[in-house]
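Reading through the structure tokens given below for one structure.
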Amino acid sequence: MKYFNKKALSFVVAGTSMMSVQLHAQFLGGRRLKDNEEGPKGQFMIYGSFDYSKTNAPSSSNSSVGTSANAGVPIGIGYFFNNNDVIGINYAYAQNVSDHRTIYKQNEAGIWYSPSVTLGKYFALIGQVDAHYVWGQKLSDSSDAMNNFTGYRLRAYPLFAIFLGGGWALKFKFAELSMLQTKTKQEGWTKTYVAGISASTFGVGISKNIDFRKKNKDHDY
């Protein structure tokens, strides 16, 4: 029961975060588009990011590659079931290498939901909730072996979008509220919580809306 209550609390906090994003957007003059207005309803959206960094020192080298540090910004595809809300699936990956040896690999896959509020013609404030299954490998703290781990992540975060035209948009993630729990046979459960704004919660991605519907004179957006 205690474990169930923790999960329920996490979902409540995530929902509260999404409501807060929309309330702040309303305060800034944002609004939700109606279904009869021109918008992305019925379109698909693909989005994501990819990062690579490397540091060389006289005695060591370190590098990371993936969708972002700690798989923080996924890649995904979604469907606009109205002009403001998207639901879809996504995937994230992160890998850290030290002195030419992989010490950490993490994969995530799951579902996501994203409501938005427009801020004029070229901007929007977006909230997103991810629910992911997590798996990977990490270097053991007590031996030289790699341990397999599995777990899950629940995450809610705001995004600021800049529309570039042609269905393209830049999206900036600037905060996060998340819970990551992973387990290995050797070490048991590890729990990681993130809440707030910091360098580790910042991320940048790009998205593209795609319309597979046949266009006509009365329906052309």
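Nothing fancy with the numbering, it's 1 onward along the sequence.
Within the 3.5 Å criterion, the main-chain N or O of R31 finds a donor-acceptor partner in the side chain of T118. Between the side chain of N84 and the backbone N or O of L33, at least one donor-acceptor pair lies under 3.5 Å. Using modelled atom types, one side-chain atom of R32 and one backbone atom of S116 make a donor-acceptor pair closer than 3.5 Å. Distance alone, capped at 3.5 Å, is enough to place a donor-acceptor pair between the N83 side chain and the K34 backbone. The backbone N or O of P40 sits nowhere less than 3.5 Å from a side-chain atom of N209 that would complete a donor-acceptor pair. Checked by atom type and distance alone, the side chain of S114 pairs as donor or acceptor with a backbone atom of G127 at under 3.5 Å. Distance alone, capped at 3.5 Å, places no donor-acceptor pair between the N107 side chain and the G136 backbone. Between the N148 side chain and the Q137 main chain, no donor and acceptor come within less than 3.5 Å of each other.
Taking the side-chain hydrogen bond (donor to acceptor under 3.5 Å, both in side chains) definition, one finds that Y133 meets it with nothing, sequence neighbours left out. Residues that satisfy the ring pair (Phe, Tyr, Trp, His ring centres under 6.0 Å) test with Y79, not counting sequence neighbours, are F44. F160 meets the ring pair (Phe, Tyr, Trp, His ring centres under 6.0 Å) test with F123; sequence neighbours excluded. Every residue two or more places apart in sequence or in another chain was checked for a side-chain hydrogen bond (donor to acceptor under 3.5 Å, both in side chains) with T150, and none qualifies. Qualifying side-chain contact (heavy atoms from CB on, under 4.5 Å) partners for S59, counting only residues two or more places apart in sequence or in other chains: none. Applying the side-chain contact (heavy atoms from CB on, under 4.5 Å) criterion to K185, with sequence neighbours excluded, gives no partner residue. The side-chain contact (heavy atoms from CB on, under 4.5 Å) search around K208 returns I46, W168, I210, not counting sequence neighbours. With sequence neighbours excluded, no residue satisfies side-chain hydrogen bond (donor to acceptor under 3.5 Å, both in side chains) with T182. Among residues two or more places apart in sequence or in another chain, the side-chain hydrogen bond (donor to acceptor under 3.5 Å, both in side chains) test is passed with K171 by S207. Residues satisfying the side-chain contact (heavy atoms from CB on, under 4.5 Å) criterion with E187, sequence neighbours excluded, are K138, S140, D141, N147, T184.
The closest side-chain heavy-atom distance from D130 to E108 is not below 4.5 Å. A heavy-atom distance below 4.5 Å is found between the side chains of D99 and S61.
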Test side-chain contact (heavy atoms from CB on, under 4.5 Å) on Y152 and M179; report intermediate values, then the result. CA-CA 8 Å; Y152 66 91; M179 175 182 65; 3.8 Å; yes
Is there a side-chain contact (heavy atoms from CB on, under 4.5 Å) between Y93 and K105? Walk through the geometry before answering. CA-CA 8 Å; Y93 175 76; K105 290 192 296 185; 3.9 Å; yes
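Note that CG of L177 and OH of Y157 are 12.5 Å apart. Values are rounded to the nearest 0.5 Å. If you take CD on Q181 and OG1 on T192, they are separated by 9.0 Å, rounding to the nearest 0.5 Å. Note that the CZ atom of R155 and the CG atom of L180 stand 8.5 Å from one another [nearest 0.5 Å]. Going from atom OG of S49 over to atom CD1 of I75 covers 8.5 Å, rounded to the nearest 0.5 Å.
Under a hydrophobic-cluster definition in which Ile, Leu, Val, Met, Phe, Trp and Tyr are linked whenever side-chain heavy atoms come within less than 4.5 Å, directly or via other members, I197 and Y193 are assigned to different clusters. If you chain together hydrophobic residues whose side chains sit under 4.5 Å apart, V194 and L159 never meet in one group. Grouping the Ile, Leu, Val, Met, Phe, Trp and Tyr side chains by contacts below 4.5 angstrom, directly or via other members, places F172 with L125. Connection of L119 to Y122 is established within a shared hydrophobic cluster, with ILVMFWY side chains joined at heavy-atom distances below 4.5 Å, either directly or through further cluster members. Both V204 and I206 are assigned to one and the same hydrophobic cluster, defined by single-linkage of ILVMFWY side chains at heavy-atom distances under 4.5 Å.
Residue I89 places its CD1 atom among 12 or fewer non-hydrogen atoms of other residues, nucleotides or ligands, all under 6.0 Å distant. In F81, the CZ atom is crowded: over 12 heavy atoms of neighbouring residues, nucleotides or ligands sit closer than 6.0 Å. Atom CD1 of I111 has 12 or fewer heavy atoms from other residues, nucleotides or ligands within 6.0 Å.
Of the residues W189, W135, Y104, the one that meets the ring-ring contact (aromatic ring centres under 6.0 Å, His included) test with F149 is Y104.
Through chains of ILVMFWY side-chain contacts below 4.5 Å, F80 is grouped with M45, Y47, V86, W112.
Considering every non-hydrogen atom in both S98 and N62, the closest pair reads OG-OD1, 3.1 Å.
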